[in-house]
Structures are given as C-alpha cells and as structure tokens.
Amino acid sequence: MITVKDKTFVPFLEPTTLNARITELAYELNHDYHDKTPLFIVVLKGAFLFAAELFKHVTIPCEITFVRLASYQSMESSGRIKQIIGLEEPIEGRHVVIVEDIVDTGLTMAQLVRQLKEKGAESVEVATLLHKPEAMREPVVTRYVGFEIENRFVVGFGLDYDEQGRNLDAVYILAD
Ligand code: 5GP
C-alpha cells in the first residue's frame, strides 16, 4: 500500500508485467510500421514513462515528437476542445501513432485523432498503455492497448494524482 497526498493506493500492475507487455507492443509496431517511417506523437505528461519504455524496443526508422493538450472553451460549440501544443512537424501524408497513457471516456483521443486527420495524416492509430472500456463515451479505435482495466482511478508509471505519483515504477489503483 502507498499513500499519494491524501489517498491510499494498492499495487495493480508490477514493473515486470508492464515492461513485458510494453515490449510486446513495440514488437507489434515494428512489424506493422517497418516500411512506413511513422511519426510517434507522445502526449505529455502522462505518457512519458510508457514512451520511454516503448521506444527502447522500437527498432524501425521513425520520428518521435511530444505534445501537450490544453483545454479551452470553444466559442462555437458547447464542448471543451483540446488544443495541441508543441506540434511542429508537418503531418500531411504521415503515418501517425499517438502514444497515450490512458483512454478513459475516449473524448480526448477522439478529438486528437480527428484533428490529426484534418491536418492530412495518411493514417492515425492510437497506442495506449491503459484502456477503461466501461468508461467509454466516444468510440475511438485503440489499435495498440497495453492493458484493459476496470473503471477505477489509477496512478503511477506516468499517471498522476493531483500532479504527484508520476514517478512510481508500477501502476497503483485507488484502495476501496
Ligand atoms: P478521456 O478524455 O479519455 O476521458 O481522458 C483521458 C485523460 O484523463 C488521460 O490522458 C488522463 O490524463 C486522465 N485520466 C483518465 N483516467 C485516469 C486515471 O484513472 N488516472 C489518472 N491518473 N488519470 C486518468
């Protein structure tokens, strides 16, 4: 058991389990993109440790870039649109793979995929460490999923609770 700020968490995915599965995902990517020189877009902050482990095992020619998503209130629509910050690479004609920590409702990923397609990407796929199928509100195709998990709050391995806990080397789940 560990405490992050005012909450207690219990171990959920151990480092060896995480790293073994992430290695498998890298092999899948090596196979699927061997002739495509993909552009990997890592979504900060949460995906930084997943990305670091993944790219140790990605051996094909590729480019890696990092973005952050900022929420702002759209003038036209009622929904919150997420703006992509830090994307300098041209997207047109590229095979893009988004590297994300967790897909929860799917709203963030669906928007990001849409925006990258609008910028002219040839293909856009999602590689996420964690996926909560029960929380899904907007369907988004997540081609590469590390672990499907139940709809409970997790922390560690890049994921934060109120900005803390990102440095934990395992994924922990909120205790009951
Ligand atoms: P979505 O738009 O899919 O609902 O939101 C995805 C984002 O919500 C993730 O990138 C992550 O920042 C945050 N998130 C969703 N579930 C969790 C969770 O269980 N733990 C943490 N730390 N963040 C989460």
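As the structure lists them, so they are numbered: ligands from 1, and atoms in each ligand from 1. Position 1 is the first residue of the sequence; numbering continues from there. Side-chain atoms are counted along with the backbone in the values below, which use heavy atoms only and exclude waters and symmetry mates.
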Geometric class of the Phe9/Phe153 ring pair [parallel <30°, tilted 30-60°, perpendicular >60°]: tilted
Thr128 side chain reached by Asp101 side chain, heavy atoms, under 4.5 Å: no
Where at least one partner belongs to residues 114-124, residue pairs that pass side-chain hydrogen bond (donor to acceptor under 3.5 Å, both in side chains), sequence neighbours excluded: His95-Ser123, Arg114-Glu138
Phe157 side chain near Asn19 side chain, heavy-atom distance below 4.5 Å: yes
Within the protein, residues bringing a heavy atom under 4.0 Å of ligand 1, chain by chain: Glu100, Asp101, Ile102, Val103, Asp104, Thr105, Gly106, Leu107, Thr108, Lys132, Arg152, Phe153, Val154, Leu159, Asp160
Student check: side-chain heavy atoms of His57 and Glu24 closer than 4.5 Å: no
Spacing of CG belonging to Leu116 relative to CD belonging to Glu125, to within rounding of 0.5 Å: 12.0 Å
